[in-house]
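Just below is one structure, and these are the notes that go with it.
In what follows, every chain begins at residue 1, and chains take the letters A, B, ... in the order their sequences are listed.
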Protein chains: 2
Amino acid sequence: MNLEEVAKLARVSTATVSRVLNNVGPVRASTRARVLKAVEELKYTPNLHARNLAGGKSRTFGMIVSNLENPFFFDVFKAAEQTARAHGFEIVLANTDYDPEHLVRNLRLMLGRRVAGMALVISEMDPAVNQEFAELDIPAVFYDVGSPQHNVANITVNYGKGIERAVHYLHALGHTRMAFVGHHPSLGPLSIRERVFRETVGEFASAIDWKVVASADTIDGGRQATRELLASGLDPTAIICVNDFMALGVLHELRDCGRQVPYDVSVTGFDNIKLAEVAWPPLTTVHIPRDRIGQMMVQVLMTPEASSERGRNFVIDPEFVVRASTGPVRS
Amino acid sequence: MNLEEVAKLARVSTATVSRVLNNVGPVRASTRARVLKAVEELKYTPNLHARNLAGGKSRTFGMIVSNLENPFFFDVFKAAEQTARAHGFEIVLANTDYDPEHLVRNLRLMLGRRVAGMALVISEMDPAVNQEFAELDIPAVFYDVGSPQHNVANITVNYGKGIERAVHYLHALGHTRMAFVGHHPSLGPLSIRERVFRETVGEFASAIDWKVVASADTIDGGRQATRELLASGLDPTAIICVNDFMALGVLHELRDCGRQVPYDVSVTGFDNIKLAEVAWPPLTTVHIPRDRIGQMMVQVLMTPEASSERGRNFVIDPEFVVRASTGPVRS
DNA sequence: TTGAAAGCGCTACCAG
DNA sequence: CTGGTAGCGCTTTCAA
């Protein structure tokens, strides 16, 4: 089941079969028909490895994300894939579960596939990996991590602003004991959110008591963090979560512990995934335009090296979305 | 950045470099070290296309699912991937969004990659595709669709039993007006669930009024179906959903319309995804062991052709899980 | 223990 | 419009 067999059956050369299959170059209609029939009869499927090897250029991008279970990442991928397909590109996806080793292994695989570009939507960026990219010559685009280079563009969200909005909002509602629920405190971009929380809360000096807890980026992670929080001395009236996904777990655990949201405690998320609307109560959150991010990533990768877009740093301003999971502090 | 350059730098032949990289055949320690150093210096990454082309056999399975956005599918994939990796296999994943054309296109791609086996977790099985598999000579395993063949195994869940349990349970609680919320009514495996609902409900003859509505397999799909349902004449006291994901939307819409669950209307899901627990109220559902399914699929693919496991049909019995979204009919 | 060389299946270029 | 053929980068005998 290779080109040659098809060629033999159609009584033409492999070159002609190739032309027909790729719709390239002139082929007489009758010849084309004969080839197509042979392909059909043999149920021939071109070997993509051979094709890539011979062809040289690839129409495939690689994307690596931290946690596909969290809809945030899937939404970005989905938008990216759509954009890519609209332009005749494929995207191969890999997941790291926040494990830097996983990241490296997956990256090797993608490079081995000779992808035409790499998109990273991760938090566990290893500095070594970051460096390696600079020396590579394929275009790359990072979300949330790394720094711009000649061949790598960056897209970031102004998390600070988002967290700030949340803290100010809650403060205005009278909250004085706040907690931040995060995950993977050791990872750079995540620690930024945590730090911003600390700093913003710090503005109010001793007017606000606060605490930071961390767990895994899962629903159960949110639950566990909440348990830890409730067991601690601080009896928070507001919980700010690093993302909506964990907030789902926080809401659940609070309910299990008999705390009413937002009457007893207010909760905010981050990302504004679909589930934030469906949650009960609907989650006050910070909107991150995943669609736009996915599209931008692909756009940047498809843009030729010389473009002024490459090597640039796009920053997106998030938008605060108030729903029912936050309210005035109980008096 | 190819084998030859590495070979040149290490002053050995490409054959030796290959041996080192694949840990195969005898290589003097000093030689191996020299090669490794060269690889390091050149930041060499083997071209997987070339490798696959030359090597012949593949350690990659393909998996195609209908809707990655629905956690059910992701859970199956995740389990499969873990099992595969534990045995030195990769899994490449593709999504169809219930589009048969997508299915065919993705299948071609995977076959083009010469995968060592195919796992299909879909509902939109085209009979032509089904037939095509029989003629193919790679092992395959289908979940929920197709029929066993010499080279294809089937894993199915006894949906009938699950739906039956739900209907009986609701009937015992006094419900007499029930609705079934599904999606893609034209797709075989899905229509089975619908049919079972019809039949089971039929057992009670005129004692139960019922209706079937369908939408998309999304949260919003669940909402829309609910809207349609409420607008229809039937004022259901119980809604049975084809899966938990859509049930999430159903719960949401009911809330928006001022109906209390389960006081005004009971709701059941199917699958028992994590979100079913987190939903409010927690969803009564039917548990499907996604982990086990994912593992089984890979196991079957790795099993040699001759194994008695291939060509067989595994059927899994689901388990009914009662939570707070169902209750006695309001009197 | 190592090297030379024959492919793997396909594309692309050059003739005709 | 079509055929011949030189690689693409790697693995794998077969000899040395």
Side-chain angles (χ1 to χ4, degrees), chain A residues 1-39 42-60 88 108-116 137-138, chain B residues 1-39 42-60 88 108-116 137-138:
Chain A
M1 34 118 138
N2 58 8
L3 253 205
E4 205 172 334
E5 293 183 37
V6 177
K8 207 169 295 169
L9 182 59
R11 301 208 267 101
V12 295
S13 72
T14 61
T16 300
V17 179
S18 177
R19 285 190 201 101
V20 171
L21 261 37
N22 297 292
N23 285 313
V24 61
V27 180
R28 190 187 302 161
S30 64
T31 312
R32 145 176 267 95
R34 204 143 33 88
V35 170
L36 257 21
K37 192 156 82 57
V39 167
L42 264 37
K43 293 193 180 306
Y44 167 73
T45 315
N47 184 320
L48 296 186
H49 298 302
R51 184 172 275 188
N52 279 333
L53 225 208
K57 67 286 187 121
S58 152
R59 300 284 284 177
T60 302
R108 294 257 173 279
L109 268 160
M110 311 232 129
L111 296 180
R113 266 173 205 149
R114 297 300 185 261
V115 292
D137 60 344
I138 68 170
Chain B
M1 32 117 142
N2 58 9
L3 253 205
E4 203 173 335
E5 293 183 37
V6 177
K8 206 170 294 171
L9 181 59
R11 303 212 261 101
V12 296
S13 72
T14 60
T16 301
V17 179
S18 177
R19 286 190 199 102
V20 171
L21 260 37
N22 297 293
N23 285 312
V24 62
V27 180
R28 191 187 300 160
S30 64
T31 311
R32 145 176 266 97
R34 204 141 35 89
V35 170
L36 257 21
K37 192 155 82 57
V39 166
L42 264 36
K43 293 191 182 309
Y44 167 74
T45 316
N47 184 320
L48 296 187
H49 299 301
R51 183 172 279 190
N52 279 334
L53 225 209
K57 66 284 188 120
S58 152
R59 297 285 283 178
T60 302
R108 295 255 172 281
L109 270 160
M110 312 231 130
L111 296 181
R113 266 174 203 147
R114 298 297 185 264
V115 292
D137 61 344
I138 68 170

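By the 6.0 Å contact criterion, CD on E4(A) is open, its count of non-hydrogen atoms from other residues, nucleotides or ligands being 12 or less.
Put simply, CG on N47(A) is 14 Å from C1' on dG7(C), counting in whole angstrom units. The nearest whole Å value for the distance from the CG atom in L3(B) to the P atom in dC8(D) is 13 Å. Separating the CZ atom of R114(B) from the C1' atom of dG9(C) is a distance of 9 Å, rounded to the nearest angstrom. One atom, CG of L53(A), and another, P of dA6(D), lie 18 Å apart when rounded to the nearest Å. Rounded to a whole Å, the CD atom of E4(A) is 8 Å from the P atom of dC8(C). The CG-C1' distance, from L48(B) to dT11(D), rounds to 14 Å in whole Å. Between K8(B) atom NZ and dG3(C) atom P the separation is 14 Å, expressed in whole Å. Atoms CG (L21(A)) and C1' (dG9(C)) sit 12 Å apart, rounded to a whole Å.
Heavy atoms of V24(B) sit nowhere under 4.0 angstrom from any nucleic acid atom. Residue N52(B) is classed as having no contact, given no heavy-atom separation below 4.0 Å to the nucleic acid.
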Kindly list each side-chain donor-acceptor pair under 3.5 angstrom involving residues 29-38 of chain B, sequence neighbours excluded, with atom names and distances?
residue	atom	partner	partner atom	Å
R32(B)	NH2	N23(B)	OD1	3.0
R34(B)	NH1	A10(B)	O	2.5
K37(B)	NZ	E41(B)	OE2	3.4

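In this structure, R59(B) has no salt bridge (charged side-chain N to carboxylate O under 4.0 Å, His left out) partners at least two apart in sequence or on a different chain. With sequence neighbours excluded, the residues forming a side chain to side chain donor-acceptor pair (under 3.5 Å) with S18(A) are N22(A), listed by chain and number. Residues satisfying the side chain to side chain donor-acceptor pair (under 3.5 Å) test with N47(B), not counting sequence neighbours, are none.
Between dG9(D) and N2(B), a contact under 4.0 Å exists linking OP1 or OP2 to a side-chain N or O. Between K57(B) and dT12(D) there is a side-chain polar atom (N or O) within less than 4.0 angstrom of OP1 or OP2. Proximity of R51(A) to the phosphate of dT11(C): a side-chain N or O atom is located under 4.0 Å from OP1 or OP2.
Nearest-nucleotide mapping onto DNA chain C: of R28(B) and A50(B), the residue sitting toward the 5' end is R28(B).
Residues A7(A) and T14(A) come closest through the heavy atom pair CB-N, 3.7 Å.
Of the candidates dG9(C), dG3(D), dC1(D), dG3(D) carries the atom nearest the V12(A) side chain, counting heavy atoms from C-beta on.
Pairs passing the salt bridge (charged side-chain N to carboxylate O under 4.0 Å, His left out) check and including a residue from residues 6-19 of chain A, sequence neighbours excluded, do not occur.
Of the residues in residues 13-20 of chain B, those lying under 4.0 Å from DNA chain C by heavy-atom distance are S13(B), A15(B), T16(B), R19(B).
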